[in-house]
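Some notes on the structure that comes next.
On a predicted model such as this, the values are computed, not experimentally measured, just so you know.
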Amino acid sequence: MKKQILKNTEIEVSPLCLGTMTFGEQNTRKEAHEILDFAFERGINFFDTAEMYPIPPKSETHFRTEEIIGEWSKFHQHRDQIVMATKLIGPTSFMTYIRNGSTNIKASMREAVMGSLQRLKTEYIDLYQLHWPARPTNFFGQLNYNYPSELREDQILETLESFEEI
């Protein structure tokens with residue numbers, strides 16, 4: 001499969017990225033590993049996960065998808081060929097079981113990245129992303145969302161600075 005450069009990086013990725021948000025809920029560990037093997041053997045080297053996966057998010061299953069990927073043998077055998085993307089959640093009141101719902105993005109990000117590294121059993125993450133920003137936002141398309149009139153203007157800057165530090 002032809003690779004392309006991930007914009008503003010030197011990372012070569014397949015034009016397809018395999019999302020893994022069903023691993024550990026709709027797909028068993030065995031099925032997940034078979035799907036990952038199938039994709040990798042056909043040239044897909046770009047995989048996406050998140051600390052909150054699988055979906056739907058639940059306190060008893062969060063982190064499970066990263067753990068399943070961390071147990072995938074080809075991930076470790078071919079780590080130099082695989083591009084792994086994962087995401088941390090932004091502050092939220094509806095997933096307080098992840099880092100106790102901390103609103104301190106700097107402390108949260110450090111804890112989140114260390115947790116992802118441990119669950120994935122890797123020393124680095126190729127693409128680290130924020131699932132949603134550290135500010136009030138319309139999660140999952142709520143109807144009649146009331147955008148707050150007062151926002152902390154430094155939250156986005158604090159988030160960007162935290163990414164730069166990590």
Side-chain angles (χ1 to χ4, degrees), residues 1 3-4 6-7 9 11-79 81-103 105 108-143 145 159 162-163 166:
M1 183 176 293
K3 304 288 191 279
Q4 57 193 43
L6 190 62
K7 191 170 183 166
T9 75
I11 300 171
E12 287 190 14
V13 295
S14 54
L16 299 174
C17 178
L18 180 69
T20 61
M21 70 182 191
T22 62
F23 295 179
E25 182 70 29
Q26 294 91 346
N27 300 103
T28 66
R29 186 175 313 271
K30 181 179 182 302
E31 290 169 339
H33 289 173
E34 289 171 355
I35 291 167
L36 291 163
D37 286 344
F38 184 88
F40 184 71
E41 289 162 7
R42 281 150 185 83
I44 293 175
N45 75 331
F46 194 13
F47 301 90
D48 175 74
T49 191
E51 65 178 348
M52 69 180 265
Y53 292 167
I55 297 296
K58 295 187 270 189
S59 63
E60 58 272 12
T61 60
H62 72 289
F63 303 151
R64 188 177 290 167
T65 302
E66 285 185 333
E67 291 167 349
I68 288 170
I69 294 169
E71 294 168 354
W72 176 41
S73 62
K74 283 196 175 103
F75 179 47
H76 304 289
Q77 293 165 359
H78 303 282
R79 183 63 184 98
Q81 298 170 40
I82 292 174
V83 178
M84 185 58 61
T86 193
K87 300 177 282 302
L88 78 149
I89 64 167
T92 179
S93 60
F94 65 89
M95 281 190 234
T96 56
Y97 50 84
I98 298 179
R99 289 182 305 286
N100 297 317
S102 173
T103 58
I105 191 68
S108 267
M109 193 177 290
R110 189 161 302 285
E111 185 180 340
V113 75
M114 295 308 293
S116 290
L117 288 167
Q118 288 173 351
R119 288 184 294 276
L120 291 166
K121 298 179 184 169
T122 188
E123 294 187 11
Y124 62 96
I125 296 165
D126 299 287
L127 177 61
Y128 196 55
Q129 304 163 91
L130 185 62
H131 227 131
W132 54 79
R135 64 172 174 76
T137 188
N138 184 0
F139 290 101
F140 307 112
Q142 297 170 358
L143 297 177
Y145 176 72
T159 301
S162 296
F163 268 114
I166 286 180

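- Between Gln118 atom CD and Glu67 atom CD the span is 10.5 Å, to the nearest 0.5 Å.
- Partners of His131 according to the ring pair (Phe, Tyr, Trp, His ring centres under 6.0 Å) rule, which considers only residues two or more places apart in sequence or in another chain, are Tyr53.
- You'll find the side chain of Met95 stays beyond 4.5 Å of the side chain of His62, heavy atoms only.
- Listed by chain and number, the residues in a side chain to side chain donor-acceptor pair (under 3.5 Å) with Glu41 are Lys74 (sequence neighbours excluded).
- Applying the side chain to side chain donor-acceptor pair (under 3.5 Å) rule to Gln4 yields no partners; only residues at least two apart in sequence or on another chain are considered.
- Looking at His78 and Ser73, their side chains never come closer than 4.5 Å, going by heavy atoms from C-beta outward.
- Under the rule for a side chain to side chain contact (heavy atoms under 4.5 Å, CB included), the partners of Phe163 that lie at least two apart in sequence or sit in another chain are Leu88, Met109, Tyr128, Leu130, Thr159.
- A distance of 9.0 Å separates OG1 of Thr20 from CD1 of Ile68, quoted to the nearest 0.5 Å.
- For Glu34, the side chain to side chain contact (heavy atoms under 4.5 Å, CB included) partners at least two apart in sequence or on another chain are Lys30.
- Without hydrogens or angle criteria, His76 side chain to Thr122 main chain gives no donor-acceptor distance under 3.5 Å.
- Around the OH atom of Tyr97, the shell of radius 6.0 Å holds more than 12 heavy atoms that belong to other residues, nucleotides or ligands.
- Of all the heavy atoms in Thr9 and Leu6, the pair that sits closest is OG1-O, 2.6 Å.
- Contact detail for Ile55 and Met52: the closest heavy-atom pair is CD1-CE, 3.4 Å.
- Residues Ala39 and Leu18 approach most closely at CB-CD2, 4.1 Å, considering heavy atoms.
- Listed by first then second residue, pairs satisfying salt bridge (Lys or Arg N to Asp or Glu O under 4.0 Å) with a partner in residues 85-102 read Asp48-Lys87, Glu51-Arg99, not counting sequence neighbours.
- The aromatic ring centres of Phe47 and Trp72 sit less than 6.0 Å apart.
- Arg29 pairs by the side chain to side chain donor-acceptor pair (under 3.5 Å) definition with Glu71, not counting sequence neighbours.
- Legend: salt bridge (Lys or Arg N to Asp or Glu O under 4.0 Å) pairs involving residues 121-132, not counting sequence neighbours, sorted by first then second residue: Arg79-Asp126.
- Residues forming a side chain to side chain donor-acceptor pair (under 3.5 Å) with Thr22 (at least two apart in sequence, or on another chain): Asn27.
- With sequence neighbours left out, the side chain to side chain contact (heavy atoms under 4.5 Å, CB included) criterion links Ser14 to Met1, Lys3, Ile44, Asn45, Phe46.
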Check against side-chain contact (heavy atoms from CB on, under 4.5 Å), Thr65 and Met21: CA-CA 7 Å; Thr65 302; Met21 70 182 191; over 6 Å; no
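- Remark: Thr61 pairs with Glu25, Pro54, Lys58, Arg64 by the side chain to side chain contact (heavy atoms under 4.5 Å, CB included) rule, at least two apart or across chains.
- With sequence neighbours excluded, no residue satisfies ring pair (Phe, Tyr, Trp, His ring centres under 6.0 Å) with Phe75.
- The side-chain heavy atoms of Thr49 and Met84, taken from C-beta on, include a pair separated by under 4.5 Å.
- Here Leu117 contributes atom CG and Glu66 contributes atom CD; the two are 9.0 Å apart, rounded to the nearest 0.5 Å.
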